[in-house]
Participant: 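Okay, handing you the structure first.
Numbered from 1 within each chain, the chains take letters A, B, ... in sequence-line order.
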There are 2 protein chains.
Amino acid sequence: MNAVTIKDVARIAGVSPATASRVLSGNPATSPEARARVEAAVEELGFLPNAQARSLRSTKTDSIALLISDVRNPYFSDLAHAVEQHARAAGLMTFIGNANEDSAQQDDFLATMLSRRVDGMIVVPQGLGEQAGTATSMMRRIVDSEIPMVFVDRTLHDIAVPNITAQSREALNEAIAALKSNGHRRIAFIGGPKHASTALERHRAFDAALEANGLPTDAALHFAGDFRTASGADGARWFLAHPLAPSAVIIADAPMAIGALKVWRELRAKVGTDFSVVAFDEVDALLMHDPPIATISHNLEAMGRAAVQALLAVIRQEEADPLELVSSFTLRPSVATAPPENAVHTEGTRP
Amino acid sequence: MNAVTIKDVARIAGVSPATASRVLSGNPATSPEARARVEAAVEELGFLPNAQARSLRSTKTDSIALLISDVRNPYFSDLAHAVEQHARAAGLMTFIGNANEDSAQQDDFLATMLSRRVDGMIVVPQGLGEQAGTATSMMRRIVDSEIPMVFVDRTLHDIAVPNITAQSREALNEAIAALKSNGHRRIAFIGGPKHASTALERHRAFDAALEANGLPTDAALHFAGDFRTASGADGARWFLAHPLAPSAVIIADAPMAIGALKVWRELRAKVGTDFSVVAFDEVDALLMHDPPIATISHNLEAMGRAAVQALLAVIRQEEADPLELVSSFTLRPSVATAPPENAVHTEGTRP
DNA sequence: TTGTAGGCGTTATCAG
DNA sequence: CTGATAACGCCTACAA
């Protein structure tokens, strides 16, 4: 296939493989003449060094792996873009892997990347268990291998690696204060899966924000989704049929919000009139919706940059600055301020 | 780091490295006893084989590279998802690279992947020149290396590798017929960049569809965008200010359509009333728009599947069926059927 | 400045 | 079925 090796280059250039290698790796101990001849030979043969063989001896590969939860979720593709551009600026190639919200797919990718000796990994970890999620045994093995690794967006509560996460409490405070000032009292929450730390964080911040605003928390107003479109659709139906008739709902990510909005449209439920909706993640689909949906958004660009910086610090064995990203809340009056008086729910009429 | 090698495993298991290797690679020429002991040793040591070294000897790596143009474009992330799932079903790991619509980034990724000896590549090629785009010299080198490769979505007119592309003529015929039957006569086109073959194909199909419907083609009604959001915004302003006052516009991809819609919203131009819009790519943002935008969509799932199949055929050196995917057209009446009588344009009133 | 001679971790070959 | 041995492509002492 690409059978041309450094020996071929050396032969054509009339030098030894060692000299050719030195030229190729920029070793100063080379004569200008040797350099010229080797470079000519490389050009002539179209030689591309075999990274496998190279990193068998040396160790740096100038590449990192990035594992995201779901390529099709704009939240993660924005993150991927940010990571990729910052890594590139630092001279690192990024290989993107898609876990598809599945820990087995995560494990395959990470194991393959580890065995291919990337210089480090930036991972949105796929958890298994309760609460913030717990590591798979493969994840533990990979962490034990001591490859430089940072978590981004999510964490695992039983693994101690540097992590870049966002904090949504302030934004939820604002959102709920806005809803309350418009008369909303029963606010539902469509949350994420137990294995994702972000789901837990958002859920807790939601409860805390209710309390901070003097509203009662109620487990019955919490729907456990899985961050994917289909569960948002389920949540939408659950919301409409809820016996407590909540007048507003906060949805913990964009795919679920989109799933929910599609259901509501089908059922002719009037978002923003019958009830109010606030969703995490500022994506085009939510802004284009009629009426536009209020959103709580993280700064993915900053998150990606921070993740790359943190990883570089680990690779260089420096101290990493402990970073915390705070989400911001964007209120779109047409939606979040819809008073519950208009709500079908509060009148007991439901599709 | 992961210093445990197959020799350690062999030592613990009390067999030779060769035997350990056979067990690990599923070679049938192994005794049950050897298998058991090796597996126990692997478990005990947490051994992970070094893929670098492995593929230095063998050649298969059970992995492929996928290069897409833009991770943040839902069109490509859907494609990535499809490719990844089908490759996974075929036992192949997928490494995703983001060209970011930039041929230099493409070249870096492909060169790195080639040197890491993936088994094959599925590429949305980034062209350079005129028309369907022309290959970079790195692309040529990579093709010359004879690594199994297929193009998907786009092609390069000076490179002959199997390619999976879509054909939009029928869909555009339908769209323009629908527009015409609603009285539209001057239809604008916001197209893609010259280096993308899809841009050329869609532009030609647009002209052909006009002719097929007995409408004149007019270069003045064509705006050259670049498939990214910002150029869609430019196109939107161009459209509103156009001296010929077209009453409908077809936009060649979703990011440009979204950019355009945002501008029109800001300027209070009434999409679907003042003028009609049809856009390529069925993405949530276009469906959520008020009113929903008519879309022309390809089946990305089928495209991804076909690309994986074609690549597998190349890898196995089989004949690949020359595949051609036809795009499907979804007409959403509320928009595409808006009669031009309502158009601000035809009345000469423009924001 | 250059060449020679190992060796990185694995698998293919060949003899037993 | 197993074990020794060589080789994959490259890099790096070490010696010249």
Participant: How is S25(A) classified with respect to the nucleic acid when contacts are heavy atoms under 4.0 Å: base, sugar-phosphate, or nothing?
Facilitator: nothing
Participant: If you compare every side-chain N and O of S55(B) against the phosphate oxygens of dT10(C) (OP1, OP2), does one of them come in below 4.0 Å?
Facilitator: no
Participant: At what distance, to the nearest 0.5 angstrom, does CZ of F76(A) lie from CG of N98(A)?
Facilitator: 10.0 Å
Participant: Roughly how many Å is it from CG in N50(A) to P in dC8(D), rounded to a whole number?
Facilitator: 12 Å
Participant: Nearest whole angstrom, please: distance from the P of dC11(D) to the CD of Q52(B).
Facilitator: 13 Å
Participant: Where the side chain of P49(A) is concerned, which of dC10(D), dG3(D), dT1(C) is the nearest nucleotide?
Facilitator: dC10(D)
Participant: By nearest nucleotide on DNA chain D, pick out whichever of R35(B) and L56(B) is the more 5' one.
Facilitator: R35(B)
Participant: Looking at the side chain of S16(A), which of dT4(C), dC10(D), dT10(C) is the nearest nucleotide?
Facilitator: dT4(C)
Participant: Consider the side chain of R22(A), meaning its heavy atoms from C-beta on, and name the nucleotide among dC14(D), dG3(D), dC10(D) that approaches it most closely.
Facilitator: dC14(D)
Participant: Does OP1 or OP2 of dG3(D) have a side-chain N or O of T19(B) closer than 4.0 Å?
Facilitator: yes
Participant: Expressed in angstrom and rounded to an integer, what is the separation of R11(A) atom CZ from dG3(C) atom C1'?
Facilitator: 17 Å
Participant: Look at the side-chain N and O atoms of R54(B) and state whether any lies under 4.0 Å from the OP1 or OP2 oxygen of dG9(C).
Facilitator: no
Participant: Can we say R37(A) and E33(A) salt-bridge, meaning some charged N sits less than 4.0 Å from an Asp/Glu carboxylate O?
Facilitator: yes
Participant: Between C1' on dT2(D) and CD on E33(B), what's the gap in Å once rounded to a whole number?
Facilitator: 12 Å
Participant: Of all the nucleotides listed (dC10(D), dC11(D), dC1(D)), which has the minimum atom distance to the side chain of S21(A)?
Facilitator: dC11(D)
Participant: Nearest whole Å is fine: how far is dT11(C) C1' from R57(B) CZ?
Facilitator: 5 Å
Participant: Starting from C1' on dT10(C), measure out to NZ on K7(B) and report it in whole angstrom.
Facilitator: 9 Å
Participant: Is it the case that the side chain of D119(B) and the backbone of I64(B) share a donor-acceptor pair, with hydrogens and angles ignored and the cut-off at 3.5 Å?
Facilitator: no
Participant: Please pick, from dC10(D), dT4(C), dT10(C), the nucleotide with the shortest atom-to-atom distance to any side-chain atom of A18(A).
Facilitator: dT4(C)
Participant: What is the distance from CZ of F47(B) to P of dG9(C), rounded to the nearest Å?
Facilitator: 10 Å
Participant: Return the value, rounded to whole Å, for the distance between atom CZ of R116(B) and atom C1' of dC10(D).
Facilitator: 15 Å
Participant: Mark yes or no for whether D158(A), through its side chain, and A135(A), through its backbone, hold a donor-acceptor pair below 3.5 Å.
Facilitator: yes
Participant: Does R116(B) use its side chain to pair, donor to acceptor, with the backbone of R116(A) at less than 3.5 Å?
Facilitator: yes
